[in-house]
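See structure below.
Counting from 1, the numbers follow the sequence of the chain as shown.
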Amino acid sequence: MEKPSENLKIVRDDILRYKKNKLGQWLCYGGLAFGCLYIMLLYAFNNSTFYTVLMGVSVLYTLVLLLASFLCAEGVKMYNKRYCIVLLILAAIEFARIFIYPNIAWTNQAFWITLSKVQAGKDYFGIILDQPTARTILIVYLVLSTLFYVAAAVYSYFVCIRHESFEKKIAEGSVNVELALKGLEEEELAAAQESAAPAAEEVK
C-alpha cells in the first residue's frame, strides 16, 4: 500500500476540524449498552442474597455509570481527551464487577439452594435460563462493556492528540491547508497522467 503524501495527511487532519469523533462516541454507547444489559438481568433475580448494602451501592453506581457514559460520549465527540481517563476508570470498574455479583452470589451455596427452590430458571427475553447460563451471560456482558470502554478511550485519545497537534500547527502557521490542497490536486493530476500514459501507448 502506497504511503500517503504529506499533503494528503494535512488534508485528512484538516477534515477532523469539521467532523465529530463519532466512532469514539458510539464505542462509549456500546459500553453503556452492555452495562445496561448486565443490570437488566442481574436486577431481575429476586433473592434475599441480593438484599445487601452492596446491592445498594451497585444501584447507585449504575446511575453514575449512565450519567458518566453519556458525558464521556459527548466529551470525546468534541475531542476532549480528559474524558478518556474517565472511560478507563469505567472500564476498570466494569471489569472489577465480574468478581462481585456474577462470582460472589453464584459461588454462595446458600444462594444456589434458595434460588433453585424459588426460581429454577429465569425468563430472559422469552428464554428460560438456568443459573450457570445466567452467570455466564452476566460475565460476557461485563467483559464486552469493559472492552468497548477501553476501545473508546484508546481510539479517542489518539484522535484527540492528532486533532490538538494539528490545531497547534495551524495556530503557529507551520501548516498551510490551501497550499496542501493545491499540492494534492497537482499530485492527483500527475497520477492521472501517469496512469493514462500506458493506455495511450497501447492504443498506438
Side-chain angles (χ1 to χ4, degrees), residues 16 19-108 111-112 114-115 119-163:
L16 290 179
K19 290 176 63 178
K20 306 299 181 185
N21 180 17
K22 291 286 187 179
L23 179 56
Q25 180 186 29
W26 283 103
L27 287 171
C28 289
Y29 289 150
L32 175 61
F34 284 109
C36 289
L37 287 171
Y38 162 80
I39 62 178
M40 285 169 61
L41 177 56
L42 178 67
Y43 295 169
F45 285 95
N46 183 17
N47 186 273
S48 59
T49 305
F50 291 109
Y51 304 160
T52 63
V53 174
L54 187 59
M55 177 55 78
V57 172
S58 177
V59 173
L60 290 175
Y61 169 73
T62 298
L63 297 175
V64 173
L65 175 69
L66 293 171
L67 295 172
S69 296
F70 280 113
L71 184 63
C72 288
E74 290 301 310
V76 297
K77 184 179 75 171
M78 303 304 296
Y79 300 103
N80 190 332
K81 68 175 183 290
R82 288 178 296 181
Y83 288 98
C84 297
I85 299 173
V86 180
L87 285 170
L88 290 176
I89 293 172
L90 293 178
I93 296 175
E94 288 292 272
F95 184 76
R97 294 177 92 182
I98 296 173
F99 305 99
I100 305 176
Y101 274 119
N103 194 46
I104 294 175
W106 270 268
T107 53
N108 185 326
F111 172 83
W112 274 88
T114 306
L115 189 58
Q119 195 174 15
K122 182 64 197 168
D123 187 358
Y124 186 60
F125 292 106
I127 302 173
I128 301 299
L129 303 178
D130 56 21
Q131 291 92 337
T133 303
R135 180 192 182 195
T136 301
I137 292 175
L138 288 171
I139 292 174
V140 169
Y141 283 157
L142 287 176
V143 169
L144 289 173
S145 180
T146 300
L147 291 176
F148 268 89
Y149 282 132
V150 170
V154 173
Y155 173 78
S156 297
Y157 179 79
F158 285 107
V159 173
C160 290
I161 291 295
R162 178 182 164 192
H163 181 266

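Residues satisfying the salt bridge (charged side-chain N to carboxylate O under 4.0 Å, His left out) test with Arg82, not counting sequence neighbours, are none.
Formation of a donor-acceptor pair under 3.5 Å by the Ser69 side chain with backbone atoms of Leu65 is found in this model. Tyr149 places a side-chain N or O within donor-acceptor distance of the main-chain N or O of Leu32, the cut-off being under 3.5 Å.
The structure places CG of Leu67 at 11.0 Å from OG1 of Thr62, a figure rounded to the nearest 0.5 Å. Rounding to the nearest 0.5 Å gives a distance of 8.5 Å between CG of Leu63 and CD1 of Ile39. Remark: Leu37 CG to Leu142 CG distance equals 10.5 Å, nearest 0.5 Å. Once rounded to the nearest 0.5 Å, the distance linking CE of Met78 with NE2 of His163 reads 8.5 Å. Here the OH-SG distance, from Tyr141 to Cys36, works out to 11.5 Å after rounding to the nearest 0.5 Å. Considering OG1 of Thr146 and CD1 of Ile98, their distance stands at 5.5 Å, rounded to 0.5 Å.
Counting non-hydrogen atoms of other residues, nucleotides and ligands closer than 6.0 Å to OH of Tyr29 gives a total above 12.
When every heavy atom of Glu94 is checked against every heavy atom of Gly35, the shortest pair comes out as OE1-CA, 3.8 Å. Here the closest heavy-atom approach between residue Lys19 and residue Tyr79 is recorded as O-OH, 3.0 Å. When all heavy atoms of Leu71 and Tyr83 are compared, the pair lying nearest together is CG-CE2, 3.6 Å.
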Could you list the donor-acceptor pairs under 3.5 angstrom formed between side-chain atoms of residues 150-161 and any protein atom two or more places apart in sequence or on another chain?
residue, atom, partner, partner atom, Å
Ser156, OG, Asn21, ND2, 3.1
Ser156, OG, Ala152, O, 2.7

Checklist entry - What's the verdict on side chain to side chain contact (heavy atoms under 4.5 Å, CB included) for Leu147 and Phe95, showing C-alpha distance, side-chain angles and the deciding distance? => result CA-CA 9 Å; Leu147 291 176; Phe95 184 76; over 6 Å; no
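Residues Ser58 and Arg97 form a side-chain contact, since some pair of their non-hydrogen atoms from C-beta on lies under 4.5 Å apart.
Between Phe34 and Phe148, the ring planes are tilted. Angles from 30° to 60° get that label.
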